[in-house]
S.K.: 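Just dropping this structure here.
Counting begins at 1 with the first residue of the sequence. Below, all heavy atoms of this structure are taken into account, side chains as well, without hydrogens, waters or symmetry copies. If you're wondering where the values come from, they're calculated on a predicted model, not measured in any experiment. Order of listing sets the numbers, starting from 1, for every ligand and every atom in it.
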Amino acid sequence: MTESTPRIKIAIQKSGRLSEDSLRLLKQSGLQFESSKDKLFWFGRNLPVDLLLVRDDDIPRLLLEGVCELGIVGENVAAEKLLEARKRRPDAHLDNLAALEFGYCRLMLAIPEDQEYSGPKQLDGGRVATSYPRLTRSWLRENGVEAEIVVLNGAVEIAPSLGTADAIVDLVSTGTTLRANHLKPVATVLNSQAALYRGRSRLAPERQALLDKLVQRVLGVQRAAETKYVMLHAPRDRLARISEILPGAETPTVLPLEGQPDKVAVHALCTEQVFWEHLEELKSAGASAILVLPVEKMLV
Ligand code: ATP
Ligand code: MG
């Protein structure tokens, strides 16, 4: 690597719910970093790809301004910040390259648990507390509701009991925090998970090629996590039925079994989740010696 090697920067959350999984994903994609003391900037050791560790709220802006080329952030934060950026730049855009299957949560409308919910219209003329004013505004508008939005950057769930709001729009994963504050979720504003985002900055061909390679690797890790290699024995005449059951398998490899002319070995790459139900179905279709193996890496 020389001084002039073009480099790519990836922004991830420094410390919080997304940090560990984001770092794991990048490490599984083959990236190694020199973690520096202040831990804000990690230099890429084996590839010209560096890491910026920041607050999750800052990631969309770093991408929009072209400071970083890639970022991992919740779809909730990306959507909110994008709406904010569009106030200034109507053409602001972020590409969601891949949903990453961690950081699952829902942005939900919640009301006091002792109240009936008759639909969004009951919020008309009321006040809704949230840290997501733009997503909330746009959801209220879609539902034809005129309500005042009270922006709070934390402890949103205590607003109703303090009398500052009639309802809240906040992130929910298990609902425990809501219950502890005598609130109940009644409508979903947004379903969210962590995603890999790309800003719109144009890159010179060499950097673009590096970025593409990196994205392919991340997608490969994602795909491998879901993919299983299934091996089984099948009666030759049940092969068609058995191939149908294998989830997400294209063309399985069929191999003869020494001394057993009526049977074959079937090897298949299943790109969709393999559940116990699938194995039970395979067995009742005549399969035996069924093995499910994890796939570590994949490049297709
Ligand atoms: P930062 O200091 O980086 O600003 P934060 O406190 O804003 O951190 P976290 O609480 O770590 O953020 O949450 C980061 C993201 O994790 C959320 O934006 C959301 O996408 C996701 N997430 C998953 N489950 C939950 C949950 N139960 N509550 C809040 N966020 C969740
Ligand atoms: Mg934050």
S.K.: Just wondering, are more than 12 heavy atoms of other shown residues or ligands nearer than 6.0 Å to CD in E113?
M.R.: yes

S.K.: Heavy-atom pairs closer than 4.0 Å: do any link ligand 1 to the side chain of V77, the backbone, both, or neither?
M.R.: side chain

S.K.: Check the pair D58 / R55 against salt bridge (charged side-chain N to carboxylate O under 4.0 Å, His left out), numbers first and verdict last.
M.R.: CA-CA 6 Å; D58 294 333; R55 291 202 53 184; 5.8 Å; no

S.K.: Please indicate whether any nitrogen or oxygen in S15 is less than 3.5 Å from any nitrogen or oxygen in ligand 1.
M.R.: no

S.K.: Taking ring-ring contact (aromatic ring centres under 6.0 Å, His included) as the cut-off, I'd like each qualifying pair that reaches into residues 181-216, sequence neighbours left out, listed once.
M.R.: none

S.K.: Can you tell me if K87 has over 12 outside heavy atoms packed within less than 6.0 Å of its NZ?
M.R.: no

S.K.: Anything protein N/O/S under 2.8 Å from the Mg ion (ligand 2)? Just list residue and atom, please.
M.R.: D56 OD1, D57 OD1

S.K.: For S192 and C105, indicate whether the former's side chain and the latter's backbone hold a donor-acceptor pair under 3.5 Å.
M.R.: no

S.K.: Are there protein heavy-atom neighbours of atom 6 (O) of ligand 1 below 4.0 Å?
M.R.: no

S.K.: Only heavy atoms of G16, strictly under 4.0 Å: list the atoms of ligand 1 that pass.
M.R.: 11 (O)

S.K.: In the hydrophobic clustering (ILVMFWY, side-chain contacts below 4.5 Å, transitive), which residues join F275, or is it alone?
M.R.: none

S.K.: May I ask you to identify, for L18, whether its side chain, its backbone, both or neither come under 4.0 Å of ligand 1 on a heavy-atom basis?
M.R.: side chain

S.K.: Only heavy atoms of G103, strictly under 4.0 Å: list the atoms of ligand 1 that pass.
M.R.: 21 (C), 23 (C)

S.K.: Measuring from atom 12 (O) of ligand 1, which candidate in Q13, K14, R55 has the nearest non-hydrogen atom?
M.R.: Q13

S.K.: Considering Q193, R17, R106 one by one, which has a heavy atom nearer to atom 13 (O) of ligand 1 than any of the others?
M.R.: R17

S.K.: Taking a hydrophobic cluster as the set of Ile, Leu, Val, Met, Phe, Trp and Tyr residues connected by side-chain heavy atoms closer than 4.5 Å, whether directly or through intermediates, do W276 and I245 fall within one such cluster?
M.R.: yes

S.K.: What pairs with H267 under ring pair (Phe, Tyr, Trp, His ring centres under 6.0 Å), at least two apart in sequence or on another chain?
M.R.: Y229

S.K.: Answer yes when R241 and E281 have at least one side-chain N-carboxylate O distance shorter than 4.0 Å, and no when they do not.
M.R.: yes

S.K.: Within 45 degrees of the axis of the six-membered ring of F43 and under 6.0 Å from its centre: does R7 put its NZ or CZ there?
M.R.: yes

